[in-house]
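Notes to accompany the following structure.
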Amino acid sequence: MKPFTYQRAGELRDALAGAAGTANAKFISGGTNLLDLMKLEIERPAHLVDINHLPFNGIEETAEGGLRIGAQVRNSTLAADSRIRSDYPVLAQALLAGASAQIRNKASTGGNLLQRTRCYYFYDRNMPCNKRKPGSGCAALHGFNRMHAVLGSSDTCIAVHPSDMAVAMTLLDASVETMDTEGVTRQIPIGDLHRLPGTTPDIETQLKPGEMITAVILPPVQPGRHIYRKVRDRASYAFALVSVAAIVDVAGETITGARFALGGVAAKPWRTPEAEAILLGEKVSTEVFQRAAEIALANAIGRGGNDFKIPLAKRTVQHALAAASQRG
Amino acid sequence: MSNSTPMANTGKTWIGQPIDRVDGALKVTGEAVYAYEHRADDPVTYGYILGAGIARGRISAIDTAQAEAMPGVLCVMTHKNAPAQPAFGPAVTPAVREVFARPRPVLSTDRVRYYDEPVALVVAETFEAARGAAGLIAIEYEDERGAYDLSRHLADAYAPQRTNAGFQTDSLVGDFEAAFADSDVKVDAIYTTPYEHHNPMEPHATLAAWSGDEVTIYTSAQTLANFQAGIANTLQIPPDKVHLVSRFIGGGFGSKLIVHADTILAALAARELQRPVKIALTRQQMFANAGHRAKMIQSVRLSADRDGKLTGIAHDVCSATSRFEEFCEQTAVFARSLYAAPNRITRHRLVGLDTNRGEWMRSPGEAPGMLAFECAMDELADQIGIDPIELRILNEPEVDPERNVPFSTRNLVACMQEGARRFGWEQRQAGPGTVRDGRKLIGLGMAAAIRPNYLGASAARIGIDGNGRVKVELDMTDIGTGTYTILAQIAATSLGLPLSAIDVQLGDSHFPRTAGSGGSWGAASAGSAVHNACEALKQKIAKVAKEVPGSPFYGSNLDRTEFANGEIRIGDRSANLATLIKRVAPQGLDAQGAVEAAGENYRNYSQHAYGAHFVEIEVDLDTAEMRVSRMLSVIGAGRILNPKTARSQIIGGMVWGIGAALMEESVLDPRYGHFVNHDLAEYHVPVNADVPDLDVFFLEEPDNNANVFGSKGIGELGVCGAGAAVANAVFNATGVRVREFPITLDKILPGMPVETSRANRS
Ligand SMILES: Cc1cc2nc3c(=O)[nH]c(=O)nc-3n(C[C@H](O)[C@H](O)[C@H](O)COP(=O)(O)OP(=O)(O)OC[C@H]3O[C@@H](n4cnc5c(N)ncnc54)[C@H](O)[C@@H]3O)c2cc1C
Ligand code: SF4
């Protein structure tokens, strides 16, 4: 681990000043991802700003009827919140499907969104990796790429974003509230937070250096049945091979609202508006769900080891939509 | 075994009782001190090993200046300045035994033989400084093209001189090829079993501290004798100058039978610096530097008549190993004893690659071998249309089919029948893919288990003091299996004392030498030594009791002596044992006992432990996720010394079976020669949620040819065949036979019914 300086920020302005004052500063929250990466010298910050003591640990109702989740709210706290459980069950389910109880107790809302890929080659400094070392190549492209992306990837990088929580938040059309080093705040639709790799997979989000996530804002409750289905290699404590968050609302036999997001398939949670659109007004049927799944995966590209994700994602979408449309 | 008249104990027998671990409280309260937690008299320094970034080649330049300049750094050791060590030597040692003792030099040449092989050691005042400085070492390599992929180098396969544990490489009986060619009922299947890693919770770790010309090594070792020899031979010092301490071990599974780089480097650096040095492998480093199970391609061919009577068995195994040191897992050896058939072949071949070599991993041989073979038996049963248990019963041998000696005891058939009854095997539908529960396919599978039973030379020392307290000392280890507990049970039973009077001390090379923990022989070997030491002690006590004036037994010439309920009885007189010792031998008494390695009973009998595993699995119709829902193992392993610790061993093995069948795999990248998924986030072992309530039933049948207790080894038996039972259940559930382990969902998915989710309302 490379030596670094450490600052425990008591006030927001100290944190922002700390981040602005040193080149290559990093915020540290739960540290469950950052510390692992620092030990392996994949992250090599010169300065750490500890933001755990900032007053961002509340879950408040917004004027619009949604919820504002402070960036420091722990994954376990969020999953246990009664409003989340009753009104946004897909989010509670996604959180509980992630990591382990111990990690969820530490993991923060902001840190979860900004956790980095689990690509094996990214984790090994002897391997070429364009994300870790731009221009060095992508060892996964022709390597062991069972966990990798089938949507939105490029020949430069095929990594996936590993968060479960982010998939549910993307489904819910959440937005991310940030503050830059000047103290200026903005809201970013969560779907725009993460970038696709293109030719610059090292740039993962729209955030500017030193810009801090302060909260995630959920819009009002979505009617319908919520489902988070995570497919993985073991029953717990494994990242998603494919996951699907879905909400379907039905009146009688007719779909009156439907949306779904995929995890484990791209560098960001993946939604396909065209696929959601075809469901509206349709009768509940295997065929219509199958059609939606086909559209969602229409542009999928397998890289060898991950080819199975394409049929798996289709089957899981169908299954999740079917489950979310069941009543009674 | 002692030939003197055994001293009877008619009181309470602790043997066979489900006693809680005597070291349990120490462990759960954090009082048990593990290798890396030890302190030395002088302030400890910390080492960090830097591994090679290539898998084969030469270090052409190495610059350590920046690392040396880092505050707190005490030394940077590379091949340029490491103390002289003997050369590594040939890939195969002349004798089996030498593999455990050979010098294992580290940082001694500029050659890189495998990925992440140690190329430098940094020692500093803190671990962080050492690790930080290691990141500042600049190395240039001459990278050579290596061979890493077993399947691409099959043409280089060769026949080794012997397998691990000294078995014959090949066995041939009758004319298999002719029998196979003539048969209309046959299985001809290729299975691949992947690289696997043990990953005990406690990594390989050592604290080395010198005092004059003697070094004390606190480490995590299964067998102290091997470590003592390995260190002495590498450092070229006399073995009696190497003191090993390994009292608590956080799991071994075979990965701690011999010294690894942490131990050698700590000893070398501590001598150079004249300060204690601590080194642990990181979890990632353990994948390259602490042994593994090698990848294998296994061909199993079976021929049978139409009723299922086997006419031929052929098990051909080709395994990866390293070029610089051979390890041939005895993968097909079990098949020499399991089923009857007139025509038989078992063969082992190796391909030398530019990787580290495999080592002993729990159930070497049976674990990968039975995973393949017991699936082939299931394939045969399916083909003939006969119940898999019936098929096995039909081929039950009368005597060991290749050695032609009788079995000492063998209750495989009883295990299968008892298991079938307990598990509800009759519910199994022979037609695969036919049982559904909601959106799950349900399947049942079974497999047999066999594992040879061993006995290794061991000795123990025992002493009783004037307070009636007993101390038992031997260099045996408890790797989490319960050795402390069963040895206390054995001593307490023999001496007729309460368990609380017995203090068992293990894991110190100053104690009498044992065979250590490995090959499931620990309980039998160390236990027999303790038993014999107790017998010797009792003889001594009786003698003194009769000879010392003032003893209540003074002058007695009776032979019949009993030790029970804290008393000694000679003839019709009895006395409290502690009081007697205080009176007749106030300084206490001690004695030694020993047991020889497996002898005549092993030559004249075929000794194995047996079992039958039963599995129910649920396979998700939509996603092909597989989860075991029920599992039972019925175990025939002679007399059970402690049903509680024994059960823990078996369920641990069953979990290994689930892992081997469904998820465990270290993926080797054939371009770079490294294990890609080298951490516990991506090397998947079963977690609690993958493991249902496991059921174990012991069919006890003392084996009087095995040892004084009639017990047989159980540490590895639970793994044997367990994975095949899972795989056979997957086939029964889905109709998909996957022969490339592990059976991950992507391999099942293409064969799953194309039927789509039901959208209809419930
Ligand atoms: C073994 C293992 C298994 C796991 N399994 C799963 C899983 O199945 N599903 C899943 O979703 N996750 C999983 N995780 C990941 C886990 O959810 C993340 O590590 C965690 O959410 C990160 O949160 P943190 O607060 O600890 O972040 P940190 O490690 O503190 O930070 C992560 C990154 O975010 C930045 N950061 C943190 N907070 C802010 C902020 N407010 N503003 C700006 N930047 C910020 C940091 O600088 C850093 O770059 C797993 C992790 C491990 C170790
Ligand atoms: S997929 Fe991305 S993260 Fe992985 S090796 Fe390629 S560039 Fe690096």
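Note that the coordinates shown come from a computational prediction; the quantities given were computed from them, not determined experimentally. Each chain gets a letter, A, B and so on, in the order the sequences are listed, and its residues count up from 1.
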Under a 4.5 Å heavy-atom cut-off, does chain A meet the side chain of [X], its backbone, both or neither?
{"X": "B:V685", "result": "both"}
{"X": "B:E128", "result": "backbone"}
{"X": "B:L680", "result": "backbone"}
{"X": "B:D669", "result": "side chain"}
{"X": "B:M626", "result": "neither"}
{"X": "B:A130", "result": "neither"}
{"X": "B:N688", "result": "neither"}

Name the region of A:K309, side chain, backbone, both or neither, that has any atom closer than 4.5 Å to a heavy atom of chain B. neither
Is there a side chain to side chain contact (heavy atoms under 4.5 Å, CB included) between B:T623 and A:R315? Walk through the geometry before answering. CA-CA 7 Å; B:T623 64; A:R315 293 174 77 115; over 6 Å; no
After noting the C-alpha distance and the side-chain angles of A:L312 and B:L749, does the key distance pass the side chain to side chain contact (heavy atoms under 4.5 Å, CB included) rule? CA-CA 8 Å; A:L312 178 64; B:L749 202 61; 3.8 Å; yes
Could you tell me whether the side chain of B:V667 reaches within less than 4.5 Å of the side chain of A:R146, counting heavy atoms only? no
Flag side-chain contact, heavy atom, 4.5 Å: B:D622 against A:Q318: no
Most contacts with chain B, counted as non-hydrogen pairs under 4.5 angstrom, among A:S100, A:P311, A:A139: A:A139
With chain B, the option among A:L40, A:T316, A:D124 that has the most non-hydrogen atom pairs under 4.5 Å is A:D124
After noting the C-alpha distance and the side-chain angles of A:N126 and B:Y115, does the key distance pass the side chain to side chain donor-acceptor pair (under 3.5 Å) rule? CA-CA 10 Å; A:N126 296 312; B:Y115 183 85; 2.8 Å; yes
Does A:E41 form a side chain to side chain contact (heavy atoms under 4.5 Å, CB included) with B:R131? I'd like the steps, not just the answer. CA-CA 10 Å; A:E41 297 194 12; B:R131 192 173 196 172; 5.6 Å; no
Quick one: pull up CZ in A:F144 and CZ in B:F675 and give me the separation to the nearest 0.5 Å. 12.5 Å
Rounded to the nearest 0.5 Å, what separation is found between the OG1 atom of B:T282 and the NZ atom of A:K39? 10.0 Å
Test log, rule side chain to side chain contact (heavy atoms under 4.5 Å, CB included), inputs B:V676 and A:M127: CA-CA 10 Å; B:V676 182; A:M127 295 295 137; over 6 Å; no
So, for B:M70 and A:P3, which heavy atoms are closest and what is the spacing to 0.1 Å? CE-CG, 3.9 Å
Quick check on the structure: residues of residues 228-242 of chain A within a heavy-atom distance below 4.5 Å of chain B, by number. A:R229, A:K230, A:V231, A:R232, A:D233, A:R234, A:A235, A:S236, A:Y237, A:A238, A:F239, A:L241
Comparing B:P742, B:G53, B:G51 against chain A, the one with the most heavy-atom pairs below 4.5 Å turns out to be B:G53
Interface residue of largest heavy-atom contact number with chain A, from B:H684, B:H678, B:M663, B:E682, under 4.5 Å: B:H684
Residues A:Y120 and B:D679: side-chain donor-acceptor under 3.5 angstrom: no
In terms of heavy-atom contacts, does NZ of A:K106 have more than 12 from other residues, nucleotides or ligands at under 6.0 Å? no
Check the surroundings of atom NZ in A:K2: do more than 12 heavy atoms from other residues, nucleotides or ligands lie under 6.0 Å from it? yes
